[in-house]
Amino acid sequence: MKIDTLIAVFVCDVEDIFKKSASSFGILLNENCEDRSLGDDTSLSPQEQSRAPLQGDQIKRNESILQLCYDQIIAPVKDLLTEPEVIIVPERCSYRVPFAALRDEPAGKYLSETHRIRIVPSLTTLGIIQECPVDYHSQTGALVVGDPKAGKVQYRGRTLNLEPLSGARKEAEMVGRLLGVQPLLGEHATKQAVLHALHSVSLIHLAAHGHADRGEIALTPNCATNGIPQEEDYLLTMSDISKVKLRAKMVVLSCCHSGRGTFKQEGVIGIARAFLASGARSVLVASWALQDEATEQLMNHFYEHLAAGESASESLHQAIKWLRSNGFTEPRQWAPFVLMGDNVTFDLQKLRQERADRGRE
């Protein structure tokens, strides 16, 4: 086998490694990690996964491929990376590469330690973002959604029971307090209510179950029915987003697999790309299943820096830095978080003031 072919096989094998995030990164679906996955295609049940720790040979294989990815993608251009931020436009299987976790072994540092990392799905998307007027996007208003009450639903011809997400609820309550808005929680987080509010706000935060392939999000069904809710009653799809003219500067999708999608010629198509295509300037997503405690801490520090006037890119960089320095040392705990699209800043005081002004009306 030729060297070029061998490299291609190894790099494309990243797609297989990260397809089942729980087994790849040792994320166990137990009390420390609620499952925010919707219809995950893993062949193991949550109980089986909790009894199946990552094996030594799996760890070594993953580390070898991550090292190979660094050697083939980053090392050849390392000397050119002189700016604090790196914008990456992945191609096909490289989209699955967790760039934040790639490590320069001689220096002993992850790429995310030395650079802020931002992903753009395609050059076309980058062009659209750069051409969009700065004043196009809303400067006020926030929508915060957490722990939608989906319950028993019909999904892909079978019945699923989507469990409550206490971590997602706690996270949404925290974000709501910071922004001075009342979050949509549980039974109030209906698909209808979310779609009604999406177009008019500057910041959107969704913490819910996410689809393992396309990142589509499970919300509370629009209305109670005698039968089991169908997908159109509760599932926030790419088609739904495409019909909304967004003016949000930023969308935070704190859902498992929200960065996933289908490979197309123009890049990867998924829920995150749908938000960007519909007008959102920036989207923060997760590449695989999320760990509860790590996610809570990351969001706390991300919004803390955002509130201080720092950019979304710098806020994510600092939040991940805090995680690594405070006991969350494993890449599976901090590497799934990816900023896509533009780099934005917020005047959160303005967002809070707008809420206060509405309360006095």
Side-chain angles (χ1 to χ4, degrees), residues 118 120-121 125-146 148 171-185 188-208 215 217 219 236-255 258 271-285 299 302-316 339-361:
R118 185 152 49 96
V120 179
T125 301
L126 179 60
I128 292 173
I129 291 173
Q130 291 177 337
E131 293 169 7
C132 184
V134 176
D135 59 358
Y136 171 83
H137 294 87
S138 298
Q139 301 300 314
T140 60
L143 170 65
V144 181
V145 178
E171 176 185 312
E173 290 172 338
M174 177 275 295
V175 176
R177 284 193 299 271
L178 178 65
L179 301 180
V181 302
Q182 182 63 44
L184 296 178
L185 303 173
H188 299 292
T190 65
K191 179 177 178 179
Q192 183 178 18
V194 170
L195 286 174
H196 178 73
L198 281 178
H199 70 92
S200 61
V201 297
S202 180
L203 193 153
I204 299 166
H205 184 102
L206 304 178
I217 299 166
L219 300 171
L236 185 65
T237 66
M238 291 181 286
S239 177
D240 293 323
I241 299 302
S242 69
K243 298 172 185 176
V244 180
K245 191 172 183 180
L246 293 176
R247 293 184 179 271
K249 290 175 67 176
M250 185 167 191
V251 179
V252 177
L253 300 179
S254 186
C255 316
S258 54
I271 196 74
R273 180 71 170 274
F275 274 104
L276 288 172
S278 294
R281 199 169 189 98
S282 180
V283 185
L284 179 60
V285 299
M299 291 300 171
F302 173 76
Y303 277 102
E304 178 183 298
H305 287 276
L306 204 65
E310 296 178 16
S311 70
S313 178
E314 179 64 21
S315 296
L316 179 60
L339 184 65
M340 299 177 64
D342 201 5
N343 193 15
V344 298
T345 58
F346 282 90
D347 183 348
L348 295 191
Q349 181 61 38
K350 190 173 183 179
L351 288 179
R352 289 191 290 264
Q353 185 61 46
E354 184 239 8
R355 172 69 178 178
D357 291 343
R358 285 186 179 181
R360 287 193 291 267
E361 292 178 353

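Given the structure is predicted, the values throughout are model-derived calculations rather than measurements.
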- Message: Any non-hydrogen side-chain atom of F275 less than 4.5 Å from a side-chain atom of L206?
- Response: yes

- Partner residues of V120 under the side-chain contact (heavy atoms from CB on, under 4.5 Å) criterion, sequence neighbours left out: I87, V89, T125, L126

- Item | Validation row: K249, Q139 side chains within 4.5 angstrom (heavy atoms) | yes

- Query: Would you say the side-chain atoms of S138 pair up with the backbone N or O of S202, donor to acceptor, closer than 3.5 Å?
  - Reply: no

- Task: State the CD1-NE2 distance between I204 and H199, to the nearest 0.5 angstrom.
- Result: 10.5 Å

- Message: Restricting to non-hydrogen atoms, name the atom on A248 and the atom on V251 that form the minimum distance, rounded to 0.1 Å.
- Response: CB-CG2, 4.3 Å

- So, the side chain of R247 versus the backbone of Y136: is there a donor-acceptor pair under 3.5 Å, distance only? yes

- Item | Side chain S282, main chain D342, donor-acceptor under 3.5 Å | yes

- Message: Under the rule for side-chain contact (heavy atoms from CB on, under 4.5 Å), what residues qualify as partners of M174, not counting sequence neighbours?
- Response: R177, M299, N300

- Message: Using modelled atom types and a 3.5 Å cut-off, is there a donor and acceptor pairing between side-chain atoms of E131 and backbone atoms of I129?
- Response: no

- Query: Any side-chain heavy-atom pair from C132 and H137 closer than 4.5 angstrom?
  - Reply: yes

- Show the numbers, then the answer: is there a side chain to side chain contact (heavy atoms under 4.5 Å, CB included) between L178 and L306? CA-CA 11 Å; L178 178 65; L306 204 65; over 6 Å; no

- Nearest heavy-atom pair of A272 and S258: which atoms, and what distance? CB-O, 3.7 Å

- Closest heavy-atom pair and its distance - N343, S313: OD1-N, 2.8 Å

- Check whether any side-chain heavy atom of R273 sits under 4.5 Å from a side-chain heavy atom of M238, and report yes or no. no

- Task: Determine whether L339 and F302 make a side-chain contact, defined as any pair of heavy atoms from C-beta on separated by less than 4.5 Å.
- Result: no

- Message: Could you work out, with side-chain contact (heavy atoms from CB on, under 4.5 Å) as the rule, every residue matching L195, not counting sequence neighbours?
- Response: K191, L198, L236, D240, V244

- Message: To check you understand the geometry: which heavy-atom pair defines the closest contact between A208 and C255, and what is its length?
- Response: O-CB, 3.3 Å

- Task: Please report the shortest heavy-atom distance between G146 and A172, naming the atom on each side.
- Result: CA-CB, 3.6 Å

- Rounded to the nearest 0.5 angstrom, the CG-OG distance for L246 and S278 is 5.0 Å

- Side-chain heavy-atom pair V181, V201 within 4.5 angstrom cut-off: no

- Starting at CG of L203, measure out to OG1 of T140 and round the result to the nearest 0.5 Å. 11.5 Å

- Query: What are the two closest heavy atoms between R118 and G341, and how far apart are they?
  - Reply: NH1-O, 2.7 Å

- Query: If you measure from OG1 on T237 to CD1 on I217, what distance do you get to the nearest 0.5 Å?
  - Reply: 10.5 Å

- Message: Would you compute the distance between atom CG of L219 and atom CG of L184 and round it to the nearest 0.5 angstrom?
- Response: 9.5 Å

